[in-house]
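The figures here come from the full heavy-atom set of this structure, side chains too, leaving out hydrogens, waters and symmetry mates. Order of the sequence lines fixes the chain letters, A, B, ..., with proteins taken first and strands second; residue numbering starts at 1 for each chain.
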Amino acid sequence: MPAISLAKAPQPASTNPAQIRNFCIIAHIDHGKSTLADRMLGITEVVEARNMRAQYLDRMDIERERGITIKSQAVRLPWRSSLDGKEYILNMIDTPGHVDFTYEVSRSLAACEGAVLLVDCAQGIEAQTLANLYLAMENNLTIIPVLNKIDLPNAQPDKFAAELARLIGCKPEDCLRVSGKTGDGVAELLDQIVAQIPAPVGDPNAPARALIFDSVYDSYRGVVTYVRVVDGHLSPREQIQMFSTGVRHEALEVGVISPEPIAGKGLGVGEVGYLITGVKDVRQSRVGDTITTYNNPTKQPLSGYKDPKPMVFSGLFPLDGADFPILREALDKLQLNDAALVYEPESSAALGFGFRCGFLGLLHMEIVRERLEREHKLNLISTAPNVVYNVTMDDGKVVRVTNPSEFPEGKVAAVLEPIVKSTILAPSEFIGTIMELCQDRRGILLGMDYISEDRVEIRYDLPLAEIVFDFFDQLKSRTKGYASLDYEEKGDAEGNLVKVDILLQGEAVDAFSAIVHRDKAYAYGVMMTGKLRELIPRQQFEVPIQAAIGARIIARESIRAIRKDVLAKCYGGDISRKRKLLEKQKEGKKRMKMVGRVEVPQEAFVAALATDADIEKIKAARKASE
Amino acid sequence: MSLSFYVHIPYCIKRCGYCDFNTYTPSELQDGATLEIVSNDYIDAVLKELDSAPQQIVPTIFFGGGTPSLLPAKDLGRVIQKINDRNGLTDNCEITLEANPDSVTLEKLEGYLEAGFNRISFGMQSAKPHVLAVLDRTHNPANVEKAVSMAREAGFKSISVDLIYGTPGESLNDWRHTLESALTLDIDHLSAYALIVETGTKLAAQIKRGDLEMPNDDLMAEMYLLIDQLCEAHGMSWYELSNWSKPGHECRHNVAYWKNENWWGLGPGAHSHIDAKRFWNIKHPTTYKQRLFSGETVIADSENLTLDQKRDEAIMLGIRMREGLSTSDLNPSQVQTLATYGENGFLKLHKDRVQLTPTGRLIADRIVRELTF
């Protein structure tokens with residue numbers, strides 16, 4: 001095997017850029033990226049066979065379980081090419097694989113000269129992979145098309161080779177065929193990476209410029225910043241400076257990952273590694289920023305830096321109000337490792353104290369929530385996600401609304417909402433149903449192309465608000481799970497939007513307000529009043545439930561007064577039993593919230609606001625406590 | 001201080017589908033055994049348990065079950081006799097027998113009367129065969145009328161029937177028919193209970209499977225209001241949530257429960273209340289007998305009521321009765337709570353007494369939860 005031992009391989013800080021190849025793997029969830037990466041670690045012998053474990057590079061449990069990469073990794077792999085017999089250093093940069101992390105992906109791509117486009121040859125390319133492929137092509141990366149899982153009995157390598165060829169403009173026979181599982185073709189792939197991907201180019205004598213493509217908080221070491229050096233050199237004990245903030249730090253340690261961290265003498269042109277400065281918060285070491293040296297700073301940062309911008313907002317509330325301080329601490333801690341997460345305290349008449357949190361997207365939201373629950377043992381309720389609206393009043397004042405309850409009263413001149421450009425890939429038999437869904441969600445068709453005989457790419461502009469609702473679930477169910485979706489921001493557009501309030505006995509309940517398109521206000525009103533009628537128990541008087549836009553009632557229901565709440569029998573032995581039952585029911589009553597004179601069980605709020613998964617969880621918790 | 005007695009007879013020939021009482025068929029207790037075999041020494045055991053009860057004078061005795069009328073009068077008479085011997089009975093002591101309309105004859109009834117019984121309560125449940133079938137009751141509705149007139153002929157001064165409403169498949173008209181049938185009988189007292197689906201019963205399983213469907217609360221409420229309306233029209237007034245009677249025919253034994261008097265339950269699974277203590281016996285008849293014959297206690301567990309619990313129980317039980325609660329026993333916030341219910345027509349304030357209206361009785365538990373605990 002053409003592996004080279006680490007000791008004999010070219011050393012960090014003194015590797016000739018011509019010997020370096022920086023690449024990433026673009027793949028969809030389940031298409032075998034982690035297995036291929038594992039195989040590369042094994043074949044290059046940076047991990048001994050006895051230390052190997054599956055998904056070696058995915059550090060968080062949640063990454064392994066969900067098969068997604070949240071944080072990037074960069075592994076230095078020494079390799080002797082069997083084509084020319086020379087030694088090389090391959091830096092494999094693992095990229096996050098989801099629509100919410102497009103910006104992070106773009107920075108990882110910017111750290112590479114080439115990309116392995118990995119496609120499961122039983123499934124074909126997916127929308128997110130396609131989006132990342134386009135991103136890589138925009139970054140002028142060399143693309144190596146690879147069909148994975150050729151060992152599968154239902155593999156269709158010829159069909160998907162044709163698909164890939166059409167997409168990237170190569171010949172079908174240029175697609176490599178590998179099996180991450182058996183290792184077939186992996187050594188050839190490494191040779192092709194050496195042969196096809198250009199070596200990095202930079203000026204070793206220019207002021208240092210290194211691109212931050214990820215930063216990770218480690219509770220022992222502080223923030224670990226992953227960098228790709230473009231020009232110059234980074235050395236330990238040197239004063240470094242962040243270009244965007246001007247903040248200065250000492251590089252306490254500079255090293256490479258192979259695949260465990262190895263501290264070294266520094267990093268030179270084209271090299272990929274990490275540095276540690278002792279800072280405790282990833283926001284001081286931002287993805288996309290340029291690192292330079294304090295003594296000889298660059299005047300020209302690397303291009304492409306952006307501040308992360310939350311796109312989706314949701315309220316997170318502890319199921320048990322007493323957990324509020326724990327939630328605060330947990331968010332503070334999570335933010336150390338997640339520069340995109342924003343939050344501020346929020347109080348809801350219905351759900352008590354919690355936080356309004358901003359996320360990059362739905363997956364980001366799910367991941368944050370899952371980590372809070374898992375790593376901090378919290379039981380959370382999340383409210384329906386919403387987007388950010390900019391509301392212009394008649395007097396010209398502009399109000400930014402991240403929570404429907406902040407929607408201003410008075411004369412509204414215009415409401416702007418975020419729009420995304422979305423790409424859907426699906427078998428062509430589903431074109432009709434997909435178009436129907438997109439039209440229903442206020443989509444504007446941009447175009448449609450066949451990417452192979454029976455698969456299409458459909459492009460729509462859609463309001464993000466429609467996507468965060470249940471678009472993805474709908475898309476999946478209408479296409480039997482075959483469609484994939486990707487989207488990117490496309491600015492704001494004016495929408496005919498109104499705020500719908502829900503009133504219980506004439507009083508508006510903040511938690512139930514929603515901003516919806518005027519045409520859908522009635523449907524929302526009917527749905528919500530109907531849902532609440534089912535969820536709120538009958539009271540001693542009739543309770544009207546209304547949906548209103550301003551003062552105009554658009555839907556109404558009513559909960560009739562209670563008729564019966566009594567046990568008929570109460571004799572000798574029944575007395576203690578009945579007392580205990582009433583005591584228990586009384587406990588349930590404590591979980592009631594008073595909205596005006598109406599008692600509303602917390603469960604009703606949850607069920608009306610939360611996702612189906614939440615409802616299942618609450619049912620399970622209730623069952624366990626019985 | 002006086003002491004009422006409840007005597008539990010834990011035997012039935014057949015278990016009804018809705019019943020979760022502590023009762024057993026002979027074959028459940030012993031393979032292939034007859035009632036005579038399993039109940040053979042039961043009364044001896046009860047008499048042994050009686051030895052541990054306080055010796056205060058007795059105003060009421062109630063034989064319930066199970067099916068007490070399965071046992072011969074002389075057996076039940078032994079219990080009455082011994083209570084009389086060791087405690088003494090008040091002059092007007094009320095002694096009630098729960099009876100199955102199918103298992104009585106005039107001779108048997110005369111026997112019970114002779115043994116000391118003066119009040120009888122028949123399990124009628126419904127006059128509609130299709131309702132009785134769902135309840136798994138075996139009796140012929142026509143037998144009830146016969147049983148009631150035989151009881152009167154035998155000399156019972158107070159006769160009651162028990163009804164159940166809200167059985168799956170029972171319409172408001174079915175229920176009206178049942179009530180009218182009951183009220184044309186020569187009775188002095190009527191108990192009517194909404195069917196409760198107890199977990200673990202055959203009925204619960206049938207409902208869970210979807211074979212039967214419970215009526216909704218609105219229909220149950222209508223049925224309840226109908227009882228009250230028809231009973232009052234027949235000269236029977238409500239005196240407790242599920243009980244109506246002619247004047248002077250209130251069941252004094254049950255009233256003792258609701259007023260938290262002292263009472264002792266004899267028999268397996270029977271509960272007792274003495275001062276602020278509640279305790280109850282082990283449930284199985286065989287263990288019950290074995291323990292008594294070997295001189296061990298049959299008390300399974302007990303609880304000492306705190307002052308708060310006593311106060312809450314007093315509200316829980318008191319509010320179910322015609323006399324209702326006295327505002328002088330309530331604090332201002334409780335009175336305030338009741339005022340809202342008053343405005344909504346669920347209760348009336350009569351001098352210093354708070355009495356539930358018929359619609360209020362239907363939500364008594366809800367009101368109790370707001371007042372207590």
Side-chain angles (χ1 to χ4, degrees), chain A residues 504-507 533-544 557-604 619 622-626, chain B residues 4 6 8 21-22 62 64 164-166 191-196 216-222 224-225 240-242 253-254 256-258 260 263 265 269-273 278 280 303 305 309 312-313 316-317 320 340-341 343-344 346 359-370 372-373:
Chain A
L504 276 186
Q505 265 216 328
E507 273 189 55
R533 193 189 60 153
E534 297 301 316
L535 293 166
I536 298 175
R538 294 164 72 171
Q539 318 270 317
Q540 56 165 311
F541 37 79
E542 181 170 306
V543 178
E557 285 278 1
S558 75
I559 304 168
R560 286 178 309 134
I562 188 160
R563 292 296 303 277
K564 180 175 175 287
D565 181 355
V566 68
L567 283 179
K569 279 197 172 190
C570 193
Y571 298 104
D574 301 325
I575 296 172
S576 340
R577 182 161 86 138
K578 189 176 164 79
R579 194 191 69 239
K580 284 167 191 160
L581 179 69
L582 289 171
E583 280 167 1
K584 199 171 167 186
Q585 288 172 337
K586 186 80 177 180
E587 276 306 304
K589 201 173 143 55
K590 283 187 190 144
R591 293 197 296 269
M592 295 274 191
K593 305 266 184 188
M594 291 302 292
V595 176
R597 289 166 63 212
V598 184
E599 285 175 353
V600 183
Q602 195 167 13
E603 287 87 344
K619 279 187 192 157
R622 202 184 307 157
K623 210 168 176 186
S625 72
E626 271 168 13
Chain B
S4 288
Y6 171 78
H8 190 63
F21 291 170
N22 190 37
F62 194 104
I164 290 178
Y165 63 95
S191 303
Y193 308 110
L195 179 64
I196 300 173
N216 63 41
D217 283 357
D218 291 302
L219 177 57
M220 292 282 226
E222 291 303 325
Y224 181 82
L225 297 176
E240 192 264 352
L241 218 133
S242 301
H253 183 82
N254 288 339
Y257 290 144
W258 302 323
N260 265 328
W263 38 275
H271 284 239
S272 301
H273 172 255
R278 294 191 185 283
W280 46 94
E303 61 177 355
L305 298 175
Q309 284 172 326
D312 289 347
E313 281 190 354
M316 175 182 98
L317 298 169
R320 296 170 67 93
T340 324
Y341 282 102
E343 285 163 25
N344 290 307
F346 294 111
T359 53
R361 286 178 238 155
L362 278 163
I363 59 163
D365 285 359
R366 182 191 175 88
I367 299 175
V368 169
R369 282 196 299 275
E370 281 201 40
T372 61
F373 309 116

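- The side-chain heavy atoms of R366(B) and Q539(A), taken from C-beta on, include a pair separated by under 4.5 Å.
- Heavy atoms closer than 4.5 Å to chain A are found nowhere in Y6(B), neither backbone nor side chain.
- E583(A) places none of its side-chain heavy atoms less than 4.5 Å from the side chain of T372(B).
- The contact between F346(B) and chain A is made entirely by side chain atoms (from C-beta outward), counting heavy-atom distances below 4.5 Å.
- Counting heavy atoms from C-beta outward, T359(B) and R563(A) have side chains that stay 4.5 Å or more apart.
- Counting non-hydrogen atoms of neighbouring residues, nucleotides and ligands closer than 6.0 angstrom, the CZ atom of F21(B) reaches no more than 12 such neighbours.
- Using a 4.5 Å cut-off between heavy atoms, R278(B) touches chain A through its side chain atoms alone.
- Annotation: salt bridge (charged side-chain N to carboxylate O under 4.0 Å, His left out) contacts of R538(A) (sequence neighbours excluded): D218(B).
- Two residues are said to be in side-chain contact when any heavy atoms from C-beta on lie closer than 4.5 Å; L241(B) and V566(A) meet this criterion.
- At a threshold of 4.5 Å between non-hydrogen side-chain atoms, the residues D365(B) and L567(A) count as touching.
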Trace of the side chain to side chain contact (heavy atoms under 4.5 Å, CB included) decision for D565(A) with R369(B): CA-CA 11 Å; D565(A) 181 355; R369(B) 282 196 299 275; 2.4 Å; yes
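- Heavy-atom pairs under 4.5 Å with chain A were tallied for E303(B), R361(B), H273(B); the largest tally goes to E303(B).
- Side-chain atoms of I367(B) and Q540(A), non-hydrogen and from C-beta on, never get closer than 4.5 Å to each other.
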Using side chain to side chain contact (heavy atoms under 4.5 Å, CB included), reason through I575(A) and E313(B) one step at a time and then give a plain yes or no. CA-CA 8 Å; I575(A) 296 172; E313(B) 281 190 354; 3.8 Å; yes
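- Interface remark: D217(B) contributes backbone and side-chain atoms alike to the contact with chain A (heavy atom separation under 4.5 Å).
- With sequence neighbours excluded, no residue satisfies salt bridge (charged side-chain N to carboxylate O under 4.0 Å, His left out) with E507(A).
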As a quick check of understanding, evaluate side chain to side chain contact (heavy atoms under 4.5 Å, CB included) for W258(B) and Y571(A), giving each step before the final call. CA-CA 8 Å; W258(B) 302 323; Y571(A) 298 104; 3.3 Å; yes
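- Interface residue T340(B): backbone and side-chain heavy atoms are both found under 4.5 Å from chain A.
- With values rounded to the nearest 0.5 angstrom, K578(A) atom NZ is found 6.0 Å from M316(B) atom CE.
- Comparing I196(B), N344(B), L305(B) by heavy-atom pairs within less than 4.5 Å of chain A, the highest count is held by N344(B).
- In terms of heavy-atom proximity, S576(A) sits nearest to H271(B) at OG-ND1, 4.4 Å.
- With chain A as the partner, the residue from F62(B), W263(B), Y257(B) showing the most heavy-atom pairs under 4.5 Å is Y257(B).
- Distance alone, capped at 3.5 Å, places no donor-acceptor pair between the S242(B) side chain and the K569(A) backbone.
- Taking E222(B), R320(B), H253(B), E240(B) one by one and counting their heavy-atom pairs under 4.5 Å with chain A, the maximum is reached by R320(B).
- No part of L195(B) comes within reach of chain A, as not one of its non-hydrogen atoms sits under 4.5 angstrom from that chain.
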